[in-house]
Amino acid sequence: MSRLRSVPRAADDDRTKGAVRADDLRAQVHFCSETGQIWLREHRMLLVHAEAQALLRKELIDTLGMTRARGLLMRMGYASGARDAEIARTRSQNASDLDAFMTGPELHTLEGIVRVVPLRLELDRSAGHFHGEFRWENSWEGQWHRHYYGTHDEPVCWTQIGYACGYTSVFMGRPILYKEVQCSGMGDEHCRIVGKPIEEWDDAEEHQQFFNRESIAQQLLDLQTQVVELRSKIDERQGLEPDIAGNAPAFCKAFELLRLAAGSRIVVLLLGETGVGKELFARALHRMSDRRAKPFVALNCAAMPNDLVEAELFGVEKGAYTGAQVARPGRFERADGGTLFLDEIGDLPLPAQSKLLRALQEGEIERVGDHRTRRVDVRVVAATNCRLQDAVREGRFRSDLYYRLNAFQIEIPPLRERKEDIPLLAKRFLAEQCAIQGKKLLGFSDKAKRSLLSYDWPGNIRELRNVVERGVLLAPPATRVEVHQLFASQPDDDGTSLSVDAHGALGVRSWEPGRALSEAVFNGTMTLDQVETMLLETAVDKARGNLSSAARMLGLSRAQLAYRLKRLSEPAGAGEGAR
């Protein structure tokens, strides 16, 4: 067994050997100015500013929190240590285990991370025995952590401890865990680490968890589900009614169908444009049914990655796929006894569609990675803003699932077909936003009311709510919301813009001045190059030859304008050979 102990004579010999090894390593570092690459043997390296690395570390902590950042940095260090262990392996052929192992600490020092001083080292690779204690001096990680966050109550050299674990584990061929027992980030003069096989630590699992990759996206989806469930429970406790109101015949017809469906267990399919309130209808159906005491769970199929949607719907067993660290129930199990709302059902992937059909027909599900069948009692309400018949014809949606979902169809009318409800809804949203923003307003001006009624509302009720919120934010206290506070004159996606006419009506203003020019190009009277030449020359004339000023008029840089002028002045066909 190779041993190194911190006795004076041995330390002198070790320093001599260490200096020789360090010189050998430094001789293998090559800087190639021609390619801009740095090489350590056959491994490409990077020379990074310590402050830039510290700022990245700080952003990870501020964004992800201490716990997640710690795990990410430890895994990054582990990967780096594992790579350096490959270099140590190449040296082990002509050196003792002890000399070969010390390659890692010397590389850690050479790379500018920390000065590593061995205090005690016992290793026997054939027997799998390892015990190491090291002092870290001038730890960049501990110093910068104290710089940004002050003295910490726990060790903070996470990247470095990950490096030590990765390097030693690969070198020894078995998991080795290090713990930092002293840390400069805690106010100690130096850092000190102790490493030994993972099974020799009583609290190994607590530290080992940081080396397991976690899916932040999956955790966000779980949190989203919890928020939906909590909102549903709060609404039930407070007796709140869904934000549904209207007197228009089309709306009343749809709501009456909803009442009829509430007393049965039939699957309901809600149809309507984006923003008409399909989820509000689904919540109202749940409250009117005998399932109101059980959970209401919602899932937007369009917002879910295809590779996660089955796990989200039906649950997942531990180890079913990378990132599935624990078993967890899906939306069906969470909604057991209650209502499951599947929005944008047309975007559900085909494999999930077949499993959904079985769940609807048999009342049974299987978690991803499991073969055990689970019984569930769930009422499904689906919604879509597209024509499922077209998706069936195109092969994107199963016909048998479509017929199953289409048992009871309710079409929610768009806001433009229920104009008489706009004043009622606008008044409700106004009161709501005044309460939220702590502002007292007298209502809407006459022109504002007229504009609300004349607009077509492509975004429906959701857009109306947002417009009213904007108006409440911009209107001074104790006044009425005016039309310019509701609508901003800004371009739509198609290049047109919204504007208010002299009568207060909101409409679409087209770019009439450019229509004649467009027609001239379409009719072949002018070419696109001629139009561009006219624009460029007019801008230069207006700027009196000042190219910088002309470029600003056209929204170009001076270099872009100069390039266009040069290209237009070239004879036809010039530059073809270059292309």
Side-chain angles (χ1 to χ4, degrees), residues 36 49 52 55-56 59 63 273-275 302 385 416 445 447-448 450-452 454-460 462-476 481-579:
H49 286 283
L55 284 169
L56 175 61
E59 186 168 345
T63 304
E273 299 176 3
T274 297
N385 60 5
R416 63 181 174 274
S445 69
K447 280 191 175 182
R450 213 158 18 196
S451 296
L452 291 172
S454 65
Y455 185 43
D456 276 343
W457 299 107
N460 292 292
R462 184 184 294 119
E463 184 181 8
L464 175 60
R465 182 194 292 272
N466 293 338
V467 166
V468 173
E469 181 179 2
R470 167 192 165 85
V472 173
L473 180 65
L474 296 179
V481 179
E482 297 181 357
V483 66
H484 68 274
Q485 293 158 348
L486 290 173
F487 299 102
S489 182
Q490 47 188 299
D492 286 341
D493 293 338
D494 61 358
T496 60
S497 66
L498 299 177
S499 63
V500 180
D501 62 21
H503 304 291
L506 187 75
V508 176
R509 181 182 64 209
S510 60
W511 298 104
E512 290 296 339
R515 187 175 298 278
L517 189 59
S518 300
E519 291 296 333
V521 175
F522 296 149
N523 295 334
T525 308
M526 295 183 69
T527 66
L528 199 58
D529 284 343
Q530 289 173 330
V531 174
E532 183 180 12
T533 301
M534 181 177 64
L535 287 172
L536 297 176
E537 291 178 352
T538 302
V540 173
D541 289 341
K542 283 183 173 291
R544 298 182 180 179
N546 187 320
L547 294 187
S548 298
S549 178
R552 283 194 295 272
M553 292 180 189
L554 296 167
L556 302 172
S557 67
R558 190 185 187 284
Q560 289 172 327
L561 176 60
Y563 168 79
R564 282 170 167 76
L565 290 171
K566 180 181 178 183
R567 180 172 59 83
L568 291 172
S569 64
E570 291 178 351
E576 291 293 333
R579 287 197 294 270

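Basis for what follows: all heavy atoms, side chains included, without hydrogens, waters or symmetry-related copies. Note that the structure is a prediction, hence the values are computed from the model and not measured.
Using a 4.5 Å heavy-atom cutoff, the side chains of Ser451 and His484 are not in contact.
Side-chain atoms of Asn460 do not come within 3.5 Å of backbone N or O of Arg462 as any donor-acceptor pair.
Between Ala550 and Ala543, the shortest heavy-atom contact is N-CB, 3.6 Å. Residues Asp456 and Arg416 share a closest heavy-atom pair of O-CB, 3.5 Å. In plain terms, the two heavy atoms of Arg558 and Leu547 that are nearest each other are NH2-CD1, 3.7 Å. Taking every heavy atom of both residues into account, Trp457 and Leu452 meet most closely at NE1-O, 2.9 Å. Val483 and Ala448 get closest at one heavy-atom pair: N-CB, 3.8 Å.
Gln530 is linked by a side-chain contact (heavy atoms from CB on, under 4.5 Å) to Met526, Thr527, counting only residues two or more places apart in sequence or in another chain. For Glu537, the side-chain contact (heavy atoms from CB on, under 4.5 Å) partners are Thr533, not counting sequence neighbours. For Leu473, the side-chain contact (heavy atoms from CB on, under 4.5 Å) partners two or more places apart in sequence, or in a different chain, are Gln437.
For the atom pair OG1 (Thr274) and CG (Asn385), the distance works out to 4.0 Å, reported to the nearest 0.5 Å. For the atom pair Glu482 CD and Ser445 OG, the distance stands at 5.5 Å (nearest 0.5 Å). Note: Leu554 CG to Lys542 NZ = 11.5 Å, rounded to the nearest 0.5 Å.
In Gln560, the CD atom is crowded: over 12 heavy atoms of neighbouring residues, nucleotides or ligands sit closer than 6.0 Å.
With Asn466 as reference, Glu469 is the one residue of Arg470, Glu469, Glu463 to meet the side chain to side chain contact (heavy atoms under 4.5 Å, CB included) rule.
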